[in-house]
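Read the numbers this way: they start at 1 and go in the same order the structure lists the ligands and their atoms.
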Amino acid sequence: MKTPPLSLLHRIGASDVASVSGARFELRSPTDGSLVGEVARGAAVDVDRAVASARAAFAAWSTTPAPVRGEVMFRAAALLEARKDAIAEVMAREMGKRVEEARGDIQEAIDTAFYAGSEGRRLFGHTVPSELSEKMGFTLRRPIGVVGVITAWNFPVAVPSWKILPALVCGNTIVWKPAEEAPASGAMFAQALWDAGLPPGALNIVHGFGDEVGAALVAHPDTRVLAFTGSTPVGRSIAEIGGRMLKRVSLEMGGKNPVIVMPDADLGLVVDGVLWGAFGTAGQRCTATSRLITVGDAHDRLLDELVKRAKALRLGDPLDAATEVGPLVSEAQRQRVHGFVERAVAAGTPLRCGGAFPTEAALQGGWFYPPTIFDEVKRGSELAMSEVFGPVLAVIRAASFDEAIEVANEVPFGLSSSIYTRDVNVAMRAVHRLESGITYVNAPTSGAEAHFPFGGVKDTGNGHREGGWAPYEFFTETKTVYFDYSGTLQRAQIDNREG
Ligand code: UN1
């Protein structure tokens, strides 16, 4: 099954263009190292052109009626549906996600497109009585301008859709830097929008690397809004630069998501949920389950079965339907993950499975890493505190519910969390006490749906949410309108106090 390498260019206005410098980079499959494509490698000058294109497109797009903007989303959703298999295959080839999960990634964008399309017929403001007679007030939402979007490789279509589709429905125009590890499926997502009638320039793409394209996009005086998914250090620097330039910045960053298992939990359900949460997408999710906090004797009744099932997960080609865990995205990522494992082993942490590069001949061409479980992980240790972004689960014992909550909350991140229990009182207490933007009850830490707010607290985010209704606030400015139809000067705070 040899597919010819792709050739990806930037998209600026209506044209596919090479970099001004002519530079390109290679996109290689993490499964077998084969050449997936060659991609234009952008720089600041390419970003300048793309931002100019987005600025030029703003006048017409921002004054297109929002319901009409929404109709583009509906048409794009239909095209994404029709192209789902083709995009999923490219996604699996370029970044190693299993095809079934890749299809889910694209479905999340389709769901987001339907939501965004219908939001074009809402974009509600408020109507509020005035304190003066024959006067009223209301708010409306105005587009802001050019949005710079920078996204990660692990959800190459879903996560960009969370930013790009609401931003467009709100009337903004965009310059997007897809992740350099997954630009091809991203470009296919964008193509659906253009084919759906999105006018040239409303969405521009500049491919390339963070320090060359991302940095230029962040520092450009004409990107009034920045929306980023990636690491906390990069997000922090975007917030610093954006802060100085008074940009609006939305950040979606790391996680160290816990599952708490109470002794009364349905342990079969826990095992299924933890395997999916920890090893789905080879653990390369912001929402991955990376800590399993067991309360009391749940630990001993759970662990052997969990380890047995983790060992049985089948590593392999993400395009093969029988595969349960695909490769990691790159050699650098595999080395990074293995570094965490080596340091934990050196510290004497009991390794229950995984922890070494696979030896099977069929897996030698790619960046495979087996599901890895460490037991008796110490509170405060590196493995208990740091995001690994790979298939590595840290099991931590807690003596009580209170201690489990303390453990869950003692990391710098706060994206997702979960508790398994049959006791509704305990579940509701956990919901209120867990420091995270998302909490699941009797379900794993991954599984966000497109119509709910998504985002985290502490070092995971800066207070914004994607998904559902939240981004429509973020991507618009509120205008307050006072409408006085009295025909006289009415002074607020003064004339209504005359008695
Ligand atoms: C991410 O990992 O950046 O809930 C997004 C989930 C997915 C989205 C994850 N629906 O895991």
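For an aromatic pair to be called close, the ring centres must be under 6.0 Å apart, and Y472 with F124 fails this. Aromatic pair F228/W162: ring centres not closer than 6.0 Å. Taking the six-membered ring where the residue is Trp, the centroids of F474 and H464 are separated by under 6.0 Å.
Heavy atoms of other residues, nucleotides or ligands lying less than 6.0 angstrom from NZ of K378 number 12 at most. When the shell of 6.0 Å around CZ of R336 is examined, it contains more than 12 heavy atoms from other residues, nucleotides or ligands.
Contact residues for ligand 1 (protein heavy atom closer than 4.0 angstrom to any ligand atom): E108, N154, F155, V159, W162, R285, C286, T287, S446, G447, A448, F454.
R248 places a side-chain N or O within 3.5 Å of a backbone atom of T476 that can act as its donor or acceptor partner.
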